[in-house]
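The structure appears below as structure tokens.
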Amino acid sequence: MGNRETLGIKMQHKGYDHIILLAHGSPDPLWKQPFEALYQDVSKSYGESNASLAYMELTSPSLEDVVALLNKDVRKVAVLPLFLAVGRHLRHDVPAQIKALQNDHLQIDLLPPIGDDVIVKQAMQTVVANHLGKGVNMPLDFIDSWSRIHAI
């Protein structure tokens with residue numbers, strides 16, 4: 001079984017050619033590790049040509065750097081903020097960056113932050129419950145969703 005790229009399967013949600021995982025950034029190199037691990041998993045599952053990792057500030061590559069390196073065949077890009085909630089960056093800074101980067105041949109959509117996703121919210125609730133000693137297992141719909149995402 002190959003990854004989505006070797007199987008010729010494009011990202012199916014809204015037909016994006018590429019997804020950019022966008023983290024905040026920090027001068028601390030250890031801070032980057034969880035985001036780089038996520039990116040490695042995503043690129044392994046869906047192909048390096050279908051995913052990138054960028055940072056808002058204090059770390060490289062920037063969103064501008066990543067967009068500049070996109071294959072010329074990429075026409076529709078999703079930016080997925082790895083943020084828990086919408087703040088100043090997602091209300092003002094990132095939309096301004098995207099507006100400056102888009103052109104007639106490249107559409108860039110800003111997705112809601114990952115913290116808005118029901119699966120992420122359920123996972124956070126489970127972590128809290130586990131720390132409270134409630135021994136809550138992951139909800140079945142979360143496990144089903146996770147299994148579908150990682151089926152290929």
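Computed over heavy atoms, backbone and side chain alike; hydrogens, waters and symmetry mates excluded. We count residues from 1, following the sequence as given.
Ala68 and Lys72 make their closest contact through O-NZ, 4.3 Å (heavy atoms, listed as atom of the first residue, atom of the second, distance).
The aromatic rings of Phe83 and His24 lie tilted to each other, with the angle between the two planes from 30° to 60°.
Residues Leu38 and Val120 fall within the same hydrophobic cluster, defined by Ile, Leu, Val, Met, Phe, Trp and Tyr side chains chained together at heavy-atom separations under 4.5 Å. The same ILVMFWY cluster, assembled from side-chain heavy atoms under 4.5 Å apart, contains both Tyr55 and Tyr39. Val94 and Leu58 fall into different hydrophobic clusters, defined by Ile, Leu, Val, Met, Phe, Trp and Tyr side-chain heavy atoms under 4.5 Å apart, directly or through other members. Under a hydrophobic-cluster definition in which Ile, Leu, Val, Met, Phe, Trp and Tyr are linked whenever side-chain heavy atoms come within less than 4.5 Å, directly or via other members, Leu101 and Ile19 are assigned to different clusters.
Under a 3.5 Å cut-off, the side chain of His18 and the backbone N or O of Ser49 do form a donor-acceptor pair. Judged purely by atom type and a 3.5 angstrom limit, Ser26 uses its side chain to pair as donor or acceptor with the backbone of Asp28. Judged by distance alone, the side chain of Ser43 and the main-chain N or O of Gln40 form a donor-acceptor pair under 3.5 Å. The main-chain N or O of Ala78 is never found under 3.5 Å from a side-chain atom of Asp109 such that the two would form a donor-acceptor pair. In this structure, Gln102 contributes its side chain and Ile108 its backbone to a donor-acceptor pair below 3.5 Å. In this structure, Asp65 contributes its side chain and Ser62 its backbone to a donor-acceptor pair below 3.5 Å.
Using a 4.5 Å heavy-atom cutoff, the side chains of Val66 and Leu69 are not in contact. When side chains are defined from C-beta on, Val127 counts as touching His131, because their heavy atoms get closer than 4.5 Å. Looking at heavy atoms from C-beta onward, Tyr16 lies out of side-chain contact with Val77 at the 4.5 angstrom threshold. Between Val67 and Leu106 the shortest side-chain heavy-atom distance falls below 4.5 Å. Contact check for Met56 versus Leu63: no side-chain heavy atoms found under the 4.5 Å cut-off. In this structure the side chain of Leu84 reaches within 4.5 angstrom of the side chain of Met124, judged on heavy atoms. With contacts defined as side-chain heavy-atom distances shorter than 4.5 Å, the pair Leu21/Phe35 does not qualify. Residues Leu110 and Leu80 are not in side-chain contact: their nearest non-hydrogen atoms beyond the backbone lie 4.5 Å or more apart.
Remark: Asp41 engages no residue in a side-chain hydrogen bond (donor to acceptor under 3.5 Å, both in side chains) (not counting sequence neighbours).
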For residues 111-119, dump all side-chain donor-acceptor pairs below 3.5 Å to protein atoms at least two apart in sequence or in another chain.
| residue | atom | partner | partner atom | Å |
| --- | --- | --- | --- | --- |
| Asp117 | OD1 | Ile119 | N | 2.8 |

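Interatomic distance, Leu70 CG to Asp17 CG, rounded to the nearest 0.5 Å: 9.5 Å. Atom CZ in Arg75 sits 6.5 Å away from atom CG in Asp73 (nearest 0.5 Å). With rounding to the nearest 0.5 Å, the separation of NE2 in His89 from CG in Leu22 is 9.5 Å.
Asn50 and Glu48 are not linked by any side-chain donor-acceptor pair at a separation below 3.5 angstrom, with hydrogens and angles left out of the test. For the residue pair Gln97 and Glu64, a side-chain donor N or O sits within less than 3.5 Å of a side-chain acceptor on the partner.
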